[in-house]
Amino acid sequence: MQCIHNNNKNAFVLSIVLWIVAAILVGVTAIAMFSKDSVSLSTKLNYKLQTRLSAQSVLEALKFYIATANYDNNSLINANFTNFTYKLPKKIVLDGRSYMLDKNITIKLQDTSSLVNVLTSSCDTIAFLATTPTQRALRHTISGSIADWRDTDNMTRLNGAENPTYEFKKKVTYKARNSDAIQDSQELRLINGIDTIPQVQWQNLRKMLYYGRTGVINLALINSYYLSFLLQIDNSYAKTLIDIRSEDMNKFIKIVSALPKFNDGYMGFYISKQFKIEIVVNKSGARSILKTLIDFHPTKQYEWTTESYNIQ
């Protein structure tokens, strides 16, 4: 009997020990898994930090590059650009195309004189860019609605929209701004007509917009379709002017300046030195996107001023 009792006791003790060992193993496994997850999380955060630092480093290089470049309407060429961590291309064309610094870093650089300022551009210009040639009815709606959004009264124009339209259409109501001071390009998306265009069309429009203090449209950088609209000329003639522009800029300037619809108050032929910059850096699944708008003025006390800055 005593032997059986001792055996039961030993078995009980053994089972307790096994349970303790199992608990320890579970704990060690959990700690190991947690540690692995922590290492993985730490690594991802480290890569994210590296992409941010890389994007900021590229921006600092760009500031020097642009501020010391020789400017013309087609390119920025910097003869003194050397010894930077991220070597930029020797030539950056100002038409919004992306240039690869390497397979993981891209830059998009646009002079704002080729873009549309939402603060100063006419309602017709914004409506034109927001629509396709087949959307003429929508174009009139957008133009009228932008005019109603900007004016100070509550009188609805033909094809326009005032407060009752927005109160009726939206679950969360808002009112027309009734002021010229549109805050940024995103605000346009609230306006009647623009709020109905497809997302892809809206994204294409946003690429052509900016918010800033300058407002002169550079005719030396825009396409024939936009040129024909601004100068109120036939599109085929606009294409002919584009060909002339590529061969002889001075001849292009002389011809365009003599056209009846040319207005030197908001049309020009030279870059503004205000740049919309987007830098994208990828590393091991992490990505940082830096967007900024910078004014360059090398002759003043400060070589540049930052109008906006956003990094994600």
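What you see is a predicted model; the values in this text were computed from it and never measured.
To the nearest 0.5 Å, atom CG of residue Asn223 and atom CE of residue Met208 are 8.5 Å apart. In this structure, Glu278 CD and Lys276 NZ are separated by 8.5 Å, a value rounded to the nearest 0.5 Å.
Residues forming a side chain to side chain contact (heavy atoms under 4.5 Å, CB included) with Ser288 (at least two apart in sequence, or on another chain): Lys48, Thr51, Arg52. Legend: residues meeting side chain to side chain contact (heavy atoms under 4.5 Å, CB included) with Gln232, ordered by chain and number and at least two apart, are Phe229, Lys261. Scored by the side chain to side chain contact (heavy atoms under 4.5 Å, CB included) test, Asp243 finds no partners at all (sequence neighbours excluded).
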Step-by-step side-chain contact (heavy atoms from CB on, under 4.5 Å) determination, Glu307 to Asp295: CA-CA 7 Å; Glu307 301 293 335; Asp295 274 322; 2.5 Å; yes
ring-ring contact (aromatic ring centres under 6.0 Å, His included) evaluation trace for Tyr210 with Phe275: CA-CA 10 Å; Tyr210 81 103; Phe275 291 92; over 10 Å; no
Check against side-chain contact (heavy atoms from CB on, under 4.5 Å), Val216 and Ser113: CA-CA 6 Å; Val216 176; Ser113 64; 5.9 Å; no
Evaluation steps, side-chain contact (heavy atoms from CB on, under 4.5 Å), between Thr292 and Asn310: CA-CA 6 Å; Thr292 184; Asn310 177 268; over 6 Å; no
Stepwise side-chain contact (heavy atoms from CB on, under 4.5 Å) test for Val200 and Gln203: CA-CA 5 Å; Val200 173; Gln203 291 302 329; 5.8 Å; no
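Side-chain heavy atoms closer than 4.5 Å link hydrophobic residues (I, L, V, M, F, W, Y) into clusters, and following such links, even through other members, never connects Ile289 to Ile277. Note on Val58: it does not cluster hydrophobically with Val280, by side-chain heavy-atom contacts below 4.5 Å among ILVMFWY residues.
Within 6.0 Å of NZ in Lys239 there are 12 or fewer heavy atoms belonging to other residues, nucleotides or ligands.
A side-chain N or O of Gln274 and one of Thr112 form a donor-acceptor pair less than 3.5 Å apart. Side chains of Asn178 and Asn154: a donor on one and an acceptor on the other come within 3.5 Å. Judged purely by distance below 3.5 Å, without hydrogens or angles, the side chains of Ser122 and Thr125 pair a donor atom with an acceptor atom. Arg206 and Gln186 form a side-chain donor-acceptor contact under 3.5 Å, judged by distance and modelled atom types alone.
Between Phe262 and Phe269, the ring planes lie parallel to each other; the angle is under 30°, not in the 30° to 60° tilted range.
Checked for salt-bridge contact, Glu187 and Arg177 meet the test: a charged N lies under 4.0 Å from a carboxylate O.
Residues Arg245 and Leu221 approach most closely at NH1-N, 3.6 Å, considering heavy atoms. Ile146 and Cys123 get closest at one heavy-atom pair: CG2-SG, 3.6 Å.
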